[in-house]
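Some notes on the structure that comes next.
Remember, it's 1-based here, ligands and their atoms both numbered in the order they're listed.
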Amino acid sequence: MNKIALITGATSGIGKATAYEFAKHGISLILCGRRQERLEAIKNELSATTKVYTLCFDVRNRKDVEQAIHSLPDHFKTIDILINNAGNAHGLDSIETGSIDDWDAMMDINVKGLLYVSRAVIPQMTERQAGHIINIGSSAGKEVYPKGNVYCGSKHAVLAITEGMRIDLNPYGIKVGAVNPGLVETEFSKVRFKGEKIADTVYKGFEALQARDIAEIIYFVISRPKHVNIADLLVFPTAQANSTTVKKTNF
Ligand code: NDP
Ligand code: 8X3
């Protein structure tokens with residue numbers, strides 16, 4: 001596929017798996033994240049398969065986002081596909097004891113970071129009247145679970161923003177949609193629980209989704225014919241029925 005995709009959060013989990021999946025299909029890649037050494041390692045691996053450019057920045061920093069996108073060389077400036085994936089949960093606490101730093105991180109990264117990147121990338125799409133944006137939401141954007149409060153709020157916001165983008169970008173023929181996974185075994189819980197032991201138990205006792213499952217779905221979404229836009233997609237592991245119902249065996 002002769003296209004260029006920009007993926008945020010490409011150093012780990014769903015974003016990294018999407019980079020490998022897209023590379024298989026010959027899509028040129030702009031890979032973003034804060035961990036430069038990981039970006040370099042992925043670039044080294046994938047450069048044999050496709051063209052790769054890396055951008056190291058924190059999506060929370062509006063100036064850095066703008067500078068990074070504007071610094072792209074001419075042959076990477078035409079971004080056909082934007083995967084807004086960077087994000088995490090920080091903490092799992094009841095609202096009355098929640099950490100305000102965690103709340104700031106989730107709103108700044110999952111919501112404002114997604115907006116900063118989108119605002120920097122969209123104008124070249126509207127100019128060309130072409131493009132495809134996929135926002136990685138979550139089952140947490142459809143259903144609130146105990147102690148999920150602010151993370152769920154950030155993902156509900158991602159879904160509202162996705163709908164707003166689809167309406168506003170409709171005159172330009174730009175596709176916009178959300179992919180909303182349930183439990184995916186990535187570094188997500190290590191980040192949420194700040195390296196505490198409980199993170200190791202989250203995906204135990206059932207077969208969780210893997211990052212490559214979501215990457216394959218994202219490739220399916222971006223490879224539909226021009227007239228087909230998958231607007232919203234919810235995917236659970238078979239063992240999961242909703243945010244609070246997961247069939248687990250003892251472990
Ligand atoms: P990972 O922790 O494995 O990956 C998160 C990615 O986001 C990393 O590449 C990280 O890169 C990047 N990132 C985090 N903070 C920032 C920041 N401030 N600036 C730039 N990049 C940042 O988790 P997942 O792959 O699971 O998460 C990817 C997305 O999927 C998130 O939006 C998450 O909410 C969503 N999701 C995850 C689910 C799950 O169960 N795992 C389920 C549903 C949705 P770096 O640290 O290098 O900056
Ligand atoms: C990640 C899924 O259920 O851990 O968005 O919040 S969950």
Distance filter under 4.0 Å to Y151 heavy atoms, resulting ligand 2 atoms | 1 (C), 5 (O), 6 (O)
Contact with ligand 1 for A10, non-hydrogen, under 4.0 angstrom = yes
If hydrogens are left out, which of C32, P181, G141 has an atom nearest to atom 43 (C) of ligand 1, that is, the closest non-hydrogen atom?
-> P181
Going by heavy atoms, is G182 under 4.0 Å from ligand 1?
-> yes
At the 4.0 Å heavy-atom cut-off, does A17 count as touching ligand 1?
-> no
Looking at atom 9 (O) of ligand 1, what's its closest protein heavy atom, distance included?
-> T11 OG1, 2.7 Å
Are M165 and S118 side-chain neighbours, meaning at least one heavy-atom pair lies under 4.5 Å?
-> yes
Going by distance only, is there an N or O of E187 that falls short of 3.5 Å from an N or O of ligand 1?
-> yes
L183: numbered ligand 1 atoms lying under 4.0 Å from its heavy atoms = 40 (O)
For S138, the atoms of ligand 2 under 4.0 Å from one of its heavy atoms are 1 (C), 2 (C), 5 (O)
Would you please say whether a donor-acceptor pair under 3.5 Å links the side chains of Y20 and E45?
-> yes
Polar contact flag for G33 and ligand 1 (N/O pairs, less than 3.5 Å) = no
Using a strict cut-off of less than 4.0 Å between a Lys/Arg side-chain nitrogen and an Asp/Glu carboxylate oxygen, indicate whether E66 and R62 qualify as a salt bridge.
-> yes
Within the structure, does I14 bring an N/O atom to less than 3.5 angstrom of an N/O atom in ligand 1?
-> yes
Any side-chain heavy-atom pair of K142 and L234 under 4.5 Å = yes
among protein heavy atoms, the one nearest atom 35 (C) of ligand 1 is I136 CG2, 3.9 Å
Which bit of K155 is near ligand 1, meaning a heavy atom under 4.0 Å away: side chain, backbone, both or neither?
-> side chain
So which of Y203, Y145, F188 gets nearest to atom 6 (O) of ligand 2, if we judge by its closest heavy atom?
-> Y145
Can you find a side-chain donor-acceptor pair between N242 and T244 that sits under 3.5 Å?
-> yes
Less than 4.5 Å apart, any side-chain heavy atom of K3 and any of S28?
-> no
among protein heavy atoms, the one nearest atom 3 (O) of ligand 1 is S12 OG, 2.5 Å
Within a distance under 4.0 Å of any heavy atom of G13, pick out the atoms of ligand 1 and give their elements.
-> 3 (O), 25 (O)
Quick one: nearest non-hydrogen protein atom to atom 2 (O) of ligand 1, plus distance?
-> N88 ND2, 3.0 Å
Is any side-chain heavy atom of S154 less than 4.5 Å from a side-chain heavy atom of M107?
-> yes
May I ask you to test the S47-K51 pair for a side-chain heavy-atom distance under 4.5 Å?
-> no
Please report the C-alpha distance between N135 and T162 in whole Å, then the side-chain angles of each, then the deciding distance to 0.1 Å, and finally whether the side chain to side chain donor-acceptor pair (under 3.5 Å) criterion is met.
-> CA-CA 7 Å; N135 296 329; T162 303; 3.0 Å; yes
Just by modelled atom types, is the A89 backbone N or O under 3.5 Å from a matching donor or acceptor in the R192 side chain?
-> no
Do V144 and N149 come within less than 4.5 Å of each other through their side chains, counting heavy atoms only?
-> no
Any N or O of S139 that comes nearer than 3.5 Å to an N or O of ligand 2?
-> no
Heavy atoms, side chains only, cut-off 4.5 Å: are Y53 and L72 in contact?
-> yes
Beyond-backbone contact of L82 with V117, side-chain heavy atoms, under 4.5 angstrom = yes
Check whether any heavy atom of T8 sits under 4.0 Å from an atom of ligand 1.
-> no
Does D200 come within less than 4.0 Å of K190, counting only side-chain N to carboxylate O?
-> no
Locate the shortest heavy-atom distance separating Q124 from K77; write the atom from each residue and the value.
-> OE1-O, 3.6 Å
Centroid-to-centroid, Y151 to F188, below 6.0 Å?
-> yes
Flag Q240 as yes when one of its N or O atoms lies below 3.5 Å from any N or O atom of ligand 2, and as no otherwise.
-> no
Which of these, G87, C56, G9, has its nearest heavy atom closest to atom 5 (C) of ligand 1?
-> G87
Nearest non-hydrogen protein atom, atom 48 (O) of ligand 1 = R34 NE, 2.6 Å
Does ligand 1 have an atom under 4.0 Å from some heavy atom of K16?
-> no
Looking only at protein heavy atoms, what sits closest to atom 24 (P) of ligand 1 is T186 OG1, 3.4 Å
Heavy-atom proximity to atom 41 (N) of ligand 1, picking from V184, L31, L209, points to V184
Would you say R35 has any N or O atom under 3.5 Å from an N or O of ligand 1, going by distance alone?
-> yes
Does D58 approach ligand 1 within less than 4.0 angstrom via side chain, backbone, both or neither, non-hydrogen atoms only?
-> both
Would you tell me which option among N85, V117, N135, V59 has the nearest heavy-atom contact to atom 19 (N) of ligand 1?
-> V59
Between N110 and N88: side-chain donor-acceptor atoms closer than 3.5 Å | no
Atom 21 (N) of ligand 1: the protein heavy-atom neighbour that sits closest, reported with distance to 0.1 Å | A86 CB, 3.7 Å
Just need the protein heavy atom nearest to atom 36 (N) of ligand 1, so name the residue and atom and give the distance.
-> Y151 OH, 3.9 Å
